[in-house]
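Below: the structure, in structure tokens.
In this text, all values refer to a predicted model and were calculated from it rather than measured experimentally. All values below come from the heavy atoms of this structure, side chains included, with hydrogens, waters and symmetry mates left out.
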Number of protein chains: 2
Amino acid sequence: MRRLASELDTGPASLYVYVRNTAELHAAVLDELLGTVPLATESRRVAWNDRIARVLGSYTRVLMEHPTLARSALVTRPSGPNYLALVDCLLGLLREGGVPDDRSAWGIDLLLLFATSIAAEHGTRDQADQGPEQAFMTALRDASSARYPAIAALGNDLVSGSPEARYEWGVAVLLAGIASASRPAGEAEPSMQGGATS
Amino acid sequence: MRRLASELDTGPASLYVYVRNTAELHAAVLDELLGTVPLATESRRVAWNDRIARVLGSYTRVLMEHPTLARSALVTRPSGPNYLALVDCLLGLLREGGVPDDRSAWGIDLLLLFATSIAAEHGTRDQADQGPEQAFMTALRDASSARYPAIAALGNDLVSGSPEARYEWGVAVLLAGIASASRPAGEAEPSMQGGATS
DNA sequence: ACCTGAACACCGTTCAAGT
DNA sequence: ACCTGAACACCGTTCAAGT
């Protein structure tokens, strides 16, 4: 807020004429950036999974370059026009892939949550402290096989693979799971003791 | 920092003798809290998926009650003894379910990322402003069918279901996907142009 | 009516100075 | 050697006062 204000040569108070708080500012900026992600309406002759992976990848890349926005998007769900267009595009691709409507409705949340949280996690490390992911990795490597037998048994598998390969695999896992896991029955109409309503 | 310091009747500077920064403090507190999650070694005669869902649910519940820690865990990957015990337990359950080692090695990350980010997202809303999830939901409902055809086509499916039902389904999706999506070949040894190493 | 200076109530972190 | 008061450099948000 203060940085933006001084960039605009005013006091921070002036911003509150246009925006209610930081969350709303973040949401507005993010939606503006989302205007740049290409929605895969162009590419023909590409499998629907790959087109989803591509669109989701663009979204992830935008958030990766702006980790603050990713973290913000995680707590304040975006709902700007460009975000809705992204959702619409992904829903269309899932339908194209023959995923049943009720499954893609919930599945879209999973895909976007995954992309957003990966970006919030891995987003540009400011310092050269190489991140705490590495600390976790070495903790896994050094884990005593007496106390943590399963970790020790897995060995190098746990720390293998580039972040990119893991990301791609995550998307594949979600798509496979969304296509195969059926939704619980009787959730269309919330029950009398329902949780989401009111 | 300052709040904890004044709780301890000192200046905030004193804390830096025991802890390097806020992230490290958060990690230490979280690991302490994780000491309370019951690791499913007890329950016999329950399907492995359900036992995973149960353990992951306990983890999620802890984070839900401490949203700040959830957000912190998302950017600074925990690596304390109790977190490692949780990872070890989940790996054991996946193996018990017959999931191949290389898949469960990467799958564990997906499960924990999902739980952590759900908690960061839904964690105790401080105010009574009912959260921005609701704003997104109504945005979906009001989406013009001309601009967002796929959203309009899905209709009520998009906004159906309690958060709990969606969470449970998310875990099911991940487990189904992890079991079915094979890992990309040739990732065990990073290639010469590999990304994770160095 | 529209904008904003100045203040309020906070943060995390550092470091020189104390015991 | 171990601890810490006080300061530094920031935040987001509000509101009375200005034009």
Which of these nucleotides, [options], is closest to any side-chain atom of [X]?
X	options	value
A13(A)	dC15(D), dT13(D), dG12(C)	dC15(D)
V17(A)	dT13(C), dT13(D), dT4(C)	dT4(C)
M1(B)	dG12(C), dT4(C), dC3(C)	dG12(C)
Y16(A)	dG12(D), dT13(C), dC3(D)	dG12(D)

Nucleotide [N], atom [atom2] - distance to [atom1] of [X] in whole Å:
X	N	atom1	atom2	result
D9(B)	dC3(D)	CG	P	16 Å
Y18(A)	dC3(C)	OH	C1'	8 Å
E24(A)	dG12(D)	CD	C1'	14 Å
R2(B)	dG5(D)	CZ	P	12 Å
L15(B)	dC2(D)	CG	P	17 Å

Nucleotide opposite dC2(C) in a Watson-Crick or G-U pair, distances under 3.5 Å: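 Matched dC2(C) with dG18(D) under the 3.5 Å cut-off.
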Spacing of L25(A) atom CG and Y18(A) atom OH [to the nearest 0.5 Å]: 13.0 Å
Phosphate OP1/OP2 of dC3(D): any S14(B) side-chain N/O under 4.0 Å: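 No, no such contact exists.
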T22(A) vs dT13(D): side-chain N/O to OP1/OP2 distance below 4.0 Å: yes
Same-atom distance (C1') from dC15(C) to dC3(D), integer angstrom: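 Per the computed distance, 12 Å lies between those C1' atoms.
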Span that lies between the C1' atom of dC10(D) and that of dC8(C), in whole angstrom: 15 Å
Heavy-atom check, side chain of D31(A) versus side chain of P78(A), under 4.5 Å: no
Main-chain N/O of Q134(A) paired to T138(A) side chain as donor or acceptor, under 3.5 Å: yes
Pair D109(A) + R77(A), salt bridge at N-O below 4.0 Å: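 Here D109(A) pairs with R77(A) in a salt bridge, since their nearest N and O are under 4.0 Å apart.
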